[in-house]
Amino acid sequence: MKHTPTIRAELDRYLQQEGLNLARFGKIAGINRGAVSAIVSGNKPISINQLDQITEAMDLPEGHFYDLFIENFIIDHPPNMRRIEPFLHRCVELNKLDTIRKVVGVIMDNPLYSSKLFEIAEDLFAQGQHEAALILYENVAEVEKYQHSERLALCQYRIFTIQVGDDQRQNLRVATVFEVFVERLDEIDQLDALKDLANVYRSLRKWDKVDEMARKMRGKAEIQYSFIHNEKRKEGTKEKKTRGPLFGYIAYADLLCGSVCEAQGDYQQALQYTYAYADLDWVLETDDDTQHWVNLFKSWAEGNTYVYKLLSGDISVLHDYVEYIAETVASNEQISKLLNVIIAANQYSIDVDDILKRFETEIASFSQQLSSDDMYTQQVIPDYIAWFGYELAYYYLHRGVYNDGFKHLMYSMVSYHTLNNETYFINCMGLFLHFKDYAVPETKAEFLNLIEKVWMKNVEKNGTAAHSG
């Protein structure tokens, strides 16, 4: 039978090797002699703080004995969360994710520990320790997968939030998995979940899903808004808060439905949705935060009114729309607005050289977007940046400005490769091949190098033989 070494045995061996008595070692480690004696004799369990002190005194790397700690004090003992919780937090500090997986795998045989692990995961999530939190959420979700609990749904919401990233194919998968859990969430959490799902589907241009999520969100938000303003509501009732103002979910649903109609080319219906969130006189709150959001929706409605008229062929609004863009401070909003300009320019053969010149500084900064927890900024904006590159390349290439056209096209191709969006990557390839005769040798080489890089990555990912000589 294989003998498992112990931390006590390792410490005892070290003391003998170095010729140290308990008092001397205790002084080096900052632990009193009695505690060291109890640890060596096995009369007292080792706390994680003491283990770290012992490890440092033995001049070993941080976390050196953590695997042994699991073997000696977790696997061979009834799980004790007073010992396990500080151990997990210390593993997080040292980024020992495999050790966290090992601990959780040991104790999750007992479903009674789900609740405490979920609390720890929530703390880690709030601290931004998403990788470690994900391990706990996934294990809790696995244990509770047949219980249909709100905690299970919240675990799935957190998993979705953490796993959504640059890979749009992965994003579609995690959104699809999470969507079935939305109805199990608290009524207020459902609103934020539906909004997040809508924005992920929006970045994927899955317009039927955007429409579905928006309509569900609107219906649930209207019920909640009516409830909180119902005079029969108990005085002093504490309601759970949404991330944004409650009326904003109703208005944002109309904004999303407008974007769906825009994608479908139904600009008149898109305008009707825009007029709806432009008129928020029905909102009952009067505080400063409410007024801030009302003004934002009115501003977005003004811009989108220009957009839908412009895209429907009313070129007369272009000047006013450009002035509206110039007053926009947030760079992430300028991206979508200038994207609309270039789409209209390509659709109706409009010369927008002067507009592009006016905003060249802003356009050059589009690739330097700030990170954000907001799902729109995190997911929709990167898609807009890649899309803008494609439309700008199309504009320049069709006007014979080949250097600028190929520069923006290559940027768009790299972006869509990063996003793992095969459809739009292929669109970029097609545009390049259509104008390949106008590309200089350096640009052709850059294009071929990118294609080979993508090919080799797919070979590695799928395990397909490269058959290279």
Side-chain angles (χ1 to χ4, degrees), residues 164-168 171 199-200 202-205 255 259 262-263 296 299-300 302-304 306-307 310-311 318 321-347 350-399 401-421 423-429 431-432 435 443 446-447 450 454:
V164 165
D166 292 337
D167 189 329
Q168 291 191 331
N171 292 348
N199 277 322
V200 170
R202 187 179 181 184
S203 71
L204 299 171
R205 307 187 208 179
L255 187 151
S259 69
E262 175 192 351
L296 269 181
S299 176
W300 292 334
E302 179 187 356
N304 284 333
Y306 290 135
V307 169
L310 179 62
L311 293 178
L318 180 57
Y321 185 46
V322 169
E323 294 308 313
Y324 168 81
I325 296 173
E327 295 175 2
T328 302
V329 177
S331 60
N332 62 346
E333 291 187 27
Q334 286 183 327
I335 295 169
S336 60
K337 292 174 172 59
L338 287 170
L339 173 60
N340 291 321
V341 169
I342 202 69
I343 289 174
N346 288 333
Q347 186 172 341
I350 309 169
D351 186 331
V352 293
D353 287 352
D354 289 345
I355 298 173
L356 295 175
K357 181 70 175 175
R358 179 175 178 178
F359 293 100
E360 62 181 351
T361 301
E362 290 80 0
I363 292 170
S365 68
F366 282 172
S367 61
Q368 303 165 3
Q369 294 304 303
L370 298 175
S371 61
S372 172
D373 292 334
D374 173 67
M375 204 63 76
Y376 174 83
T377 304
Q378 185 188 120
Q379 295 301 315
V380 179
I381 294 302
D383 179 64
Y384 280 169
I385 293 172
W387 189 358
F388 183 82
Y390 174 84
E391 293 291 343
L392 198 52
Y394 185 99
Y395 176 82
Y396 281 131
L397 290 173
H398 279 85
R399 290 173 176 269
V401 187
Y402 300 117
N403 284 342
D404 287 344
F406 285 118
K407 179 184 73 174
H408 290 289
L409 184 57
M410 290 305 301
Y411 176 81
S412 183
M413 284 188 72
V414 170
S415 298
Y416 279 127
H417 173 53
T418 300
L419 295 171
N420 195 19
N421 191 317
T423 299
Y424 294 101
F425 183 85
I426 292 171
N427 285 352
C428 290
M429 284 181 60
L431 185 58
F432 187 99
F435 286 94
T443 301
E446 183 183 1
F447 173 80
L450 176 59
V454 173

Check [X] against [Y] and note the closest heavy-atom contact, atom names and distance.
| X | Y | value |
| --- | --- | --- |
| Ala386 | Ser412 | O-OG, 2.8 Å |
| Ala344 | Ile350 | O-CD1, 3.7 Å |
| Ile381 | Thr377 | CB-O, 3.5 Å |

Just wondering, are more than 12 heavy atoms of other shown residues or ligands nearer than 6.0 Å to [atom1] in [X]?
| X | atom1 | answer |
| --- | --- | --- |
| Asn403 | CG | no |
| Asp354 | CG | no |
| Tyr394 | OH | no |

Distance, nearest 0.5 Å, that separates [atom1] of [X] from [atom2] of [Y]:
| X | Y | atom1 | atom2 | result |
| --- | --- | --- | --- | --- |
| His417 | Asp166 | NE2 | CG | 11.5 Å |
| Met413 | Leu450 | CE | CG | 5.0 Å |
| Leu296 | Glu333 | CG | CD | 7.0 Å |
| Ser203 | Tyr376 | OG | OH | 11.0 Å |
| Tyr384 | Ile335 | OH | CD1 | 10.5 Å |

Under 3.5 Å side-chain donor-acceptor pair for [X] and [Y]:
| X | Y | answer |
| --- | --- | --- |
| Asp404 | Tyr395 | no |
| Tyr416 | Asn427 | no |
| Asn346 | Glu391 | yes |

Report task. Assign the ring pair Phe435 / Tyr402 to parallel, tilted or perpendicular, where the plane angle (0 to 90°) is split at 30° and 60°. Result ->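 Answer is tilted, since the angle falls between 30° and 60°.
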
Check: [Y] and [X] side chains under 4.5 Å, non-hydrogen atoms:
| X | Y | result |
| --- | --- | --- |
| Gln379 | Asn199 | no |
| Phe388 | Ile363 | yes |
| Val322 | Arg358 | yes |
| Leu310 | Leu318 | yes |
| Asn171 | Leu419 | no |
| Asp383 | Arg205 | yes |
| Val401 | Asp353 | no |
| Asp351 | Arg399 | yes |

Would you say [X]'s side chain and [Y]'s backbone share a donor-acceptor pair under 3.5 angstrom?
| X | Y | answer |
| --- | --- | --- |
| Tyr321 | Lys337 | yes |
| Tyr324 | Ser299 | yes |
| Asn340 | Ser336 | yes |
| Gln334 | Thr328 | yes |

* For Phe406, which of Tyr411, Phe432, Tyr396 qualifies under side chain to side chain contact (heavy atoms under 4.5 Å, CB included)? ->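 That would be Phe432; it is the only one of Tyr411, Phe432, Tyr396 passing the side chain to side chain contact (heavy atoms under 4.5 Å, CB included) with Phe406.
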
### Message
Pair Leu356, Leu392 - check side chain to side chain contact (heavy atoms under 4.5 Å, CB included), show working.
### Response
CA-CA 9 Å; Leu356 295 175; Leu392 198 52; 3.7 Å; yes

Assess whether side chain to side chain contact (heavy atoms under 4.5 Å, CB included) is satisfied between Asn421 and Phe425, documenting all intermediate values. CA-CA 6 Å; Asn421 191 317; Phe425 183 85; 6.0 Å; no

Point to revise | From CA spacing to verdict: side chain to side chain contact (heavy atoms under 4.5 Å, CB included), Ile343, Trp387 | key: CA-CA 10 Å; Ile343 289 174; Trp387 189 358; 3.7 Å; yes

